[in-house]
Trainee: 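Got a structure for you, written out below as structure tokens; questions coming shortly.
Everything numeric here is computed off the predicted structure, so don't read it as measured data. In what follows, chains are A, B, ... by sequence order, proteins preceding strands, each numbered from 1. In what follows, every heavy atom counts, from backbone to side chain, and hydrogens, waters and symmetry copies are set aside.
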There are 2 protein chains.
Amino acid sequence: MVKRPTLADVAAEAGVSRALVSIVIRGVPGASDATRERVLAAAAQLGYRPDARARLLRSSRSRLLGVVFDVDGPFHTEILEALYPAAAALGYDITLSARGHRRSEGEAIRSLLDLGVEALLVLGPASPSDALAAQPAPVVSVLEPHTDPRLSSAATDEAAGIALAVKHLRGLGHSRIAHVDGGTAAGSEARRLAYEQLMAEDGAQPLVIPGGPNETDGMKAARELLALRVGRPANELPTAVVVFNDDAALGFLHELDAAGTAVPSELSVVGYDDSRLAALAHVQLTSVRQEPDAIAAAAVEAAAAALEGRRTHTLVPPSLAVRSSTAPLAAVAR
Amino acid sequence: MVKRPTLADVAAEAGVSRALVSIVIRGVPGASDATRERVLAAAAQLGYRPDARARLLRSSRSRLLGVVFDVDGPFHTEILEALYPAAAALGYDITLSARGHRRSEGEAIRSLLDLGVEALLVLGPASPSDALAAQPAPVVSVLEPHTDPRLSSAATDEAAGIALAVKHLRGLGHSRIAHVDGGTAAGSEARRLAYEQLMAEDGAQPLVIPGGPNETDGMKAARELLALRVGRPANELPTAVVVFNDDAALGFLHELDAAGTAVPSELSVVGYDDSRLAALAHVQLTSVRQEPDAIAAAAVEAAAAALEGRRTHTLVPPSLAVRSSTAPLAAVAR
DNA sequence: AAACCAGACTAGAACGTTCTAGTGAAGATG
DNA sequence: CATCTTCACTAGAACGTTCTAGTCTGGTTT
């Protein structure tokens, strides 16, 4: 249990003042190359590491970003991992605070502010804009698009994601495409509106089946779709469905399977999120993939911009992970 | 952007010294009830919150625990959420650091030490014991049992978990129970040994099929089991299987399904982890459930004990989530 | 040769707490 | 009545950095 070396120890070892060691360690101008080298050697020899507490306390700029994430937020951990290099690239550090059933967003935010973060990155914020805007540090809403001019945001371009799905299906020959929406879940409205607009542009009849973010919501939606078939001619029924997210799509698929409807030969299904579930061998769900690296980079840039007074709202285009839940329109279904 | 109030502001407001405010805020003895009330009122009125940086820098005891978790570690987020209340109960605070493909365990640990944590809780440590033991703060290995006397640990009692699974199956009438192991994955050896011991106690023939932690490992194991059936009498074949974890069990189920083997009527299957996957509607996998609250509490207690020089190694008993992948031994299989 | 300048370096204050070592008053003990 | 003890409270140092406001040296300009 030896005490860790401090600036003063390094200064003594190198025969200079503490202030000069600080200058060298931070890499700011004000030291000659010769002493710079000598100081770095002394630091390395003693195994010196700057004390984050003292640094945070004293610096005018802490260069620390606070990240609030949800313990079971889909996609949150992917973003987390991408945030570390993204922040490092702009010279920022990151500290985390989890939100969950037993720990509110407010608590998570307060603990970060107590540590002196310069800005807050909130993944899928649950608080209303007013609460976020009232924080004493700039807030970046990540994964959840916002247009509030008091906030910044970095999120997936939901409209582009839905467009990818719909255009993929059209390319396979599908024209009657339905949408299972996300109910009141975050992003649901944006995705539904994008779907409706795409249908309108094509002169196609939209069919929105009410859904939700969970497996059971998808199951319910599937039963509703199956019930539609009764007494309708086949050429009015959808041949493809874009479901709000992978969880719901999984329930949807399960219910189709139980009813004996074959995927993709009778019905093509697209999910959203490209979660772990979508890639499972027995699922193989075509899904809209959000780009964690791009979103993380945009989020950190938004934070940096906000610290200079500029609020930015970035939409990151998603991509499509094509698997075997979608297939060309079969002759039987025409 | 008003500056946040400090101890000095509260002291001025209440007409006492900074030191006394510190005493009141920390709730330590040394102030009369009357002034205590007055100080708290002043603090509340100003919206005072202690500055974590100054506090960490100055205190002899930071009462801060550093948690290293894996961005895609199964079960890690469940533990995370449980750790907050568990730590609070013992008067500790928690700070997080993520490990991932692009951020090593060492980096995660160093950043926590720079912040002045008193002890490290490492979820599913990847570093060798020697590296962990060499850290300047006590290390608690969480979710990964350890017997190294230089470390502490809090993990699930793997033997008890396997016993739960095996006894559940025996209770259903199964006597020929196979095990798909986890290969080199953490915990695999402990689970396999427990299985073999249980078989020996019952005078039963063990059948260990080599597997691994992933879906594809489970698929491979299933093909191996199916191949065994060729040229063997039915009364020598297993009627139930305990698989290393849920991921592998999922692949295992998928392959059985493809081969037309019915679960649970022809073969009962038990998983391990009770992950989100196991509860999915079309999976409904009986699975050994680790207890996050109990593990988290044990981990924090281990940290507290380690700070007093006592290393503890706690094994937390799991429970069994019974679903429909297991059923009484059918007449056909006898 | 006086005046200026840039660069390298330093002394000491400051950040907001907690800790140490007290002070002063009121009551208890001999 | 002198001496201890306890309690409520305070002054000021300390934690390890960064920041401000310098000083000193040696070279360049007037």
Side-chain angles (χ1 to χ4, degrees), chain A residues 2-40 42-43 46-64 91 93 111 113-118 136, chain B residues 2-40 42-43 46-64 91 93 111 113-118 136:
Chain A
V2 296
K3 259 182 85 268
R4 47 190 282 168
T6 72
L7 269 192
D9 298 326
V10 178
E13 178 77 18
V16 295
S17 69
R18 284 168 333 178
L20 191 58
V21 177
S22 173
I23 286 169
V24 171
I25 295 291
R26 280 177 295 152
V28 300
S32 72
D33 287 353
T35 49
R36 209 171 275 273
E37 210 168 302
R38 203 151 43 87
V39 167
L40 288 176
L46 296 180
Y48 169 77
R49 296 206 95 216
D51 185 302
R53 302 165 290 182
R55 188 167 254 196
L56 288 172
L57 177 58
R58 182 60 239 233
S59 313
S60 48
R61 298 279 320 260
S62 67
R63 299 207 74 89
L64 186 65
D93 239 330
S111 78
L113 291 173
D114 290 348
L115 252 183
V117 301
E118 291 192 53
Chain B
V2 296
K3 262 184 82 263
R4 44 190 283 167
T6 72
L7 268 193
D9 299 324
V10 178
E13 178 77 18
V16 296
S17 70
R18 286 171 337 199
L20 191 58
V21 177
S22 173
I23 286 169
V24 171
I25 294 292
R26 280 178 294 153
V28 300
S32 72
D33 288 353
T35 49
R36 209 171 275 273
E37 210 169 302
R38 203 150 43 86
V39 168
L40 288 176
L46 295 179
Y48 170 77
R49 298 205 93 218
D51 185 302
R53 300 166 292 180
R55 188 168 255 195
L56 287 171
L57 177 58
R58 180 60 240 233
S59 313
S60 49
R61 298 281 319 261
S62 66
R63 300 208 74 89
L64 186 65
D93 239 331
S111 78
L113 290 172
D114 290 347
L115 253 182
V117 300
E118 290 192 52

Trainee: Please check the phosphate of dC15(D) (OP1 and OP2 only) for any side-chain N or O of Arg53(A) closer than 4.0 Å.
Mentor: no
Trainee: Looking at Thr6(B), does any N or O in its side chain come under 4.0 Å of the phosphate oxygens OP1/OP2 on dG16(C)?
Mentor: no
Trainee: Starting at CG of Asp51(A) and ending at C1' of dA14(D), how long is that distance when rounded to a whole Å?
Mentor: 14 Å
Trainee: Could you please name the option among dT10(D), dT17(C), dC15(D) that lies closest to any side-chain atom of Tyr48(B)?
Mentor: dT17(C)
Trainee: If the cut-off is 4.0 Å, is Ser32(A) near the phosphate of dG7(C), judged by side-chain N/O to OP1 or OP2?
Mentor: no
Trainee: Taking Arg18(A) for the side chain and Ala8(A) for the main chain, is one N or O donor matched with an acceptor at less than 3.5 Å?
Mentor: no
Trainee: Would you mind telling me which residue lines up with the more 5' stretch of DNA chain D, Ile25(A) or Ser59(B), judged by nearest nucleotide?
Mentor: Ser59(B)
Trainee: To the side chain of Ser17(B), which of dA11(D), dC19(C), dT17(C) is closest?
Mentor: dA11(D)
Trainee: At their closest point, which heavy atom of Pro5(B) faces which heavy atom of Leu46(B), and how far apart are they?
Mentor: CG-O, 3.3 Å
Trainee: Identify which one of Arg4(A), Arg55(A), Arg53(A) satisfies the side-chain hydrogen bond (donor to acceptor under 3.5 Å, both in side chains) criterion when paired with Asp114(B).
Mentor: Arg4(A)
Trainee: Which pair of non-hydrogen atoms, one from Leu64(B) and one from Leu56(B), has the smallest distance, and what is that distance?
Mentor: CD2-CD2, 3.8 Å
Trainee: I need the CZ-C1' distance between Arg55(B) and dA14(D), as an integer number of Å.
Mentor: 17 Å
Trainee: Given atom CG of Leu64(A) and atom P of dC15(C), what is their separation to the nearest angstrom?
Mentor: 20 Å
Trainee: In this structure, how many angstroms lie between the P atom of dG16(C) and the CG atom of Leu56(A), rounded?
Mentor: 13 Å
Trainee: Round to a whole Å and report the spacing from CZ of Arg63(B) to P of dT18(C).
Mentor: 13 Å
Trainee: What's Ser22(B) touching, base or sugar-phosphate or nothing? Going by heavy atoms closer than 4.0 Å.
Mentor: base
Trainee: So what does Ala19(B) hit on the nucleic acid, given a heavy-atom distance under 4.0 Å: a base, only sugar-phosphate, or nothing?
Mentor: base
Trainee: For the side chain of Ala31(A), starting at C-beta, report the closest nucleotide among dT17(D), dC19(D), dC9(C).
Mentor: dC9(C)
Trainee: Indicate, yes or no, whether a donor-acceptor pair under 3.5 Å links the base of dG12(C) to the side chain of Arg18(A).
Mentor: yes
Trainee: Quiz question: going by heavy-atom distance under 3.5 Å, is there a donor-acceptor pair between the base of dT18(C) and the side chain of Arg58(B)?
Mentor: yes
Trainee: Considering non-hydrogen atoms only, spot the tightest contact between Val39(B) and Val10(B) and give its length.
Mentor: O-CG1, 4.0 Å
Trainee: So, is Thr35(B) close to the dC9(D) phosphate, meaning a side-chain N or O under 4.0 Å from OP1 or OP2?
Mentor: yes
Trainee: Of Val21(B) and Ala54(A), whose closest DNA chain C nucleotide lies nearer the 5' terminus?
Mentor: Ala54(A)
Trainee: Mind calculating the distance between CD1 (Ile23(B)) and C1' (dT20(C)) to the nearest angstrom?
Mentor: 12 Å
Trainee: Whole Å only: how far is the CG atom of Leu7(B) from the P atom of dC15(C)?
Mentor: 13 Å
Trainee: Please compare Leu20(B) and Pro5(A) by the position of their nearest nucleotide in DNA chain D and report the one closer to 5'.
Mentor: Leu20(B)
Trainee: Measure from CG on Asp114(B) to C1' on dG16(D) and round the result to the nearest Å.
Mentor: 12 Å
Trainee: dC19(D) phosphate, OP1 or OP2: any side-chain N/O from Ser60(A) under 4.0 angstrom?
Mentor: yes
Trainee: Could you tell me whether the side chain of Arg58(B) and the main chain of Ala54(B) form a donor-acceptor pair under 3.5 Å?
Mentor: no
Trainee: Tell me whether the side-chain N/O atoms of Arg26(A) come closer than 4.0 Å to OP1 or OP2 in dC19(D).
Mentor: yes
Trainee: Are OP1 or OP2 of dG16(C) and a side-chain N or O of Lys3(B) less than 4.0 angstrom apart?
Mentor: yes
